[in-house]
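Shown next, in structure tokens, is the structure this report addresses.
Every chain is numbered from 1, with letters handed out A, B, ... down the list of sequences.
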2 protein chains.
Amino acid sequence: MTIPAPAGAGGRELPHPPREEIRLEGVLQALSDPMRLRIVRELAAGGDELSCSQFDLPVTKSTTTHHFRVLRESGVIRQVYRGTAKMNGLRADDLDALFPGLLDAVLDAAARQADRLGG
Amino acid sequence: MTIPAPAGAGGRELPHPPREEIRLEGVLQALSDPMRLRIVRELAAGGDELSCSQFDLPVTKSTTTHHFRVLRESGVIRQVYRGTAKMNGLRADDLDALFPGLLDAVLDAAARQADRLGG
DNA sequence: CGACTCGTACGATAAGCATCGTAGTACGGC
DNA sequence: GCCGTACTACGATGCTTATCGTACGAGTCG
């Protein structure tokens, strides 16, 4: 038994906030976690066809799921099921429409910091 | 008795992180709180000669102190005693050197969001 | 069908944090 | 010297959150 997925029909759908509901504070908070910032950087570098399992994060799978959920619910990423895999992509279009230049500034800042500290 | 302030001689000094130690994650987290984002926006608008008491925040003074401390320790603002008042200013120079465009992008994003939601 | 992989849900846990109230310290003026 | 103002320090509290482990659901391939 157990209650089936609410979306039913064929593909599982994941709830995303519409563009108008994306809040700056939420985006900043999502990006302020090192693990999530790392995810976002890899997504920006690798195009938006990355499945969750392609990220080699130093945390368990439960925690990874949690971080992807936070990123999705804050409006930073878009997630779509594709078979058993879940493909992830940045919502760069929405973010740029709401907050022009913000995502790029953060990505650039992260790159600079990594450069400065990492080598 | 009681142990005197460690800085001693004349003016009280407040600990600020040096520029190299400012971390992007810390800055983003500091800015992700609505109260602190509001403080930063007012600071950006009003020049950097604002004392803590000039902010009319809907929280107690203890909480206000806490937020200013978080902003200072994350490297977002600079605080200097001036008599009994404590003057606050953005560390725009340091932030721009480390993360060019970031502060402006955040401020612009905050303004747009306020415009969109507030009126 | 059966096994395996990918990801989720749920509960637990521990840490962090935003908030408050009260008591206290530093400075300036009377 | 005394009082008021500006800010702080400390303890308490309740909420959020990052993390884990285990058990489970959905899809693919033999």
Side-chain angles (χ1 to χ4, degrees), chain A residues 1-16 23 25-39 49-74 76-88, chain B residues 1-16 23 25-26 28-39 49-74 77-88:
Chain A
M1 276 303 189
T2 73
I3 301 167
R12 289 167 285 172
E13 292 265 329
L14 292 159
H16 291 76
R23 301 275 276 123
E25 297 90 327
V27 171
L28 292 178
Q29 177 150 56
L31 296 176
S32 73
D33 182 275
M35 214 63 69
R36 290 195 290 261
L37 186 56
R38 177 166 161 177
I39 292 173
E49 280 295 317
L50 294 179
S51 70
C52 293
S53 54
Q54 298 183 43
F55 294 84
D56 195 27
L57 302 172
V59 289
T60 64
K61 260 198 308 187
S62 316
T63 306
T64 303
T65 297
H66 163 69
H67 285 307
F68 275 103
R69 181 209 290 260
V70 172
L71 285 171
R72 172 167 46 83
E73 291 182 342
S74 66
V76 176
I77 67 171
R78 197 177 281 115
Q79 296 190 292
V80 173
Y81 276 108
R82 193 168 180 146
T84 89
K86 194 159 73 169
M87 307 311 286
N88 303 278
Chain B
M1 281 300 190
T2 72
I3 301 167
R12 289 168 284 174
E13 292 265 328
L14 292 159
H16 291 77
R23 299 276 276 126
E25 298 89 327
L28 293 178
Q29 174 148 55
L31 296 175
S32 74
D33 182 275
M35 214 63 68
R36 291 194 290 261
L37 186 55
R38 179 166 160 177
I39 292 174
E49 279 297 316
L50 295 177
S51 70
C52 292
S53 54
Q54 297 183 45
F55 292 84
D56 195 28
L57 302 172
V59 290
T60 65
K61 257 197 311 188
S62 316
T63 306
T64 303
T65 297
H66 164 69
H67 285 307
F68 275 102
R69 180 209 290 260
V70 172
L71 285 171
R72 172 168 46 84
E73 291 182 343
S74 66
I77 68 171
R78 196 178 281 116
Q79 296 191 292
V80 174
Y81 278 107
R82 190 165 184 149
T84 88
K86 195 160 72 169
M87 308 311 287
N88 303 278

Q) Across the strands shown, which category fits A/Tyr81 at heavy-atom distances under 4.0 angstrom: base, sugar-phosphate, nothing? A) sugar-phosphate
Q: Could you tell me which residues satisfy salt bridge (Lys or Arg N to Asp or Glu O under 4.0 Å) with B/Arg78, sequence neighbours excluded, listed by chain and number?
A: B/Asp93, B/Asp94
(Q) Please enumerate all residues that pass side-chain hydrogen bond (donor to acceptor under 3.5 Å, both in side chains) together with A/Ser53, with sequence neighbours excluded. (A) A/Ser51
Q.
Measure CG/B/Leu50 against P/D/dA6 and give the value in whole Å, please.
A. 15 Å
Q) Between C/dA18 atom C1' and B/Leu31 atom CG, what is the distance in whole Å? A) 16 Å
For nucleotides 15-21 of chain D, print each protein N/O atom paired with a nucleotide N/O atom at under 3.5 Å, atom names and distance only.
| from | atom 1 | to | atom 2 | distance (Å) |
| --- | --- | --- | --- | --- |
| D/dA18 | OP1 | A/Arg36 | NH2 | 3.4 |
| D/dA18 | OP2 | A/Arg36 | NH1 | 3.0 |
| D/dA18 | OP2 | A/His66 | NE2 | 3.0 |
| D/dT19 | OP2 | A/His67 | NE2 | 2.3 |
| D/dC20 | OP2 | A/Thr60 | N | 2.8 |
| D/dC20 | OP2 | A/Thr60 | OG1 | 3.2 |
| D/dC20 | OP2 | A/Thr63 | OG1 | 2.9 |
| D/dG21 | N7 | A/Ser62 | OG | 3.2 |
| D/dG21 | O6 | A/Ser62 | OG | 2.9 |

Q. To the nearest Å, how far apart are B/Asn88 CG and D/dC7 C1'?
A. 11 Å
Q. Who passes side-chain hydrogen bond (donor to acceptor under 3.5 Å, both in side chains) against A/Thr60, sequence neighbours left out?
A. A/Thr63
**Q.** Atom pair distance, as rounded to whole Å: CZ in A/Phe55 and C1' in C/dC6
**A.** 15 Å
Q. Rounded to the nearest Å, what distance is computed from the CE atom of residue A/Met87 to the C1' atom of nucleotide C/dC6?
A. 12 Å
**Q.** Candidate pair A/Arg82 and A/Glu49, rule side chain to side chain contact (heavy atoms under 4.5 Å, CB included), full reasoning
**A.** CA-CA 10 Å; A/Arg82 193 168 180 146; A/Glu49 280 295 317; 3.4 Å; yes
Q | Protein-nucleotide distance (B/Gln54, atom CD; D/dC7, atom C1'), rounded to Å | A | 14 Å
Q.
Can you measure A/Glu13 atom CD to D/dG25 atom P for me and round it to whole angstrom units?
A. 21 Å
Q: Mind checking salt bridge (Lys or Arg N to Asp or Glu O under 4.0 Å) for A/Arg36 and listing every partner two or more places apart, or none if nothing turns up?
A: none
Q. Looking at B/Arg12, does any N or O in its side chain come under 4.0 Å of the phosphate oxygens OP1/OP2 on C/dC27?
A. yes
(Q) With a 4.0 Å cutoff (strictly under), does any side-chain N or O of A/Arg69 reach OP1 or OP2 of C/dA9? (A) yes
Q: Step by step, work out the side chain to side chain contact (heavy atoms under 4.5 Å, CB included) result for A/Phe55 and A/Thr64.
A: CA-CA 9 Å; A/Phe55 294 84; A/Thr64 303; 5.6 Å; no
Q. Are any of A/Thr64's side-chain N or O atoms less than 4.0 Å away from OP1 or OP2 of C/dG7?
A. no
Q) Can you list every pair that meets salt bridge (charged side-chain N to carboxylate O under 4.0 Å, His left out) and has a residue in residues 52-70 of chain A, with sequence neighbours left out? A) A/Arg69-A/Glu73
Q: Using whole Å, report how far CD of B/Glu73 lies from P of C/dC17.
A: 11 Å
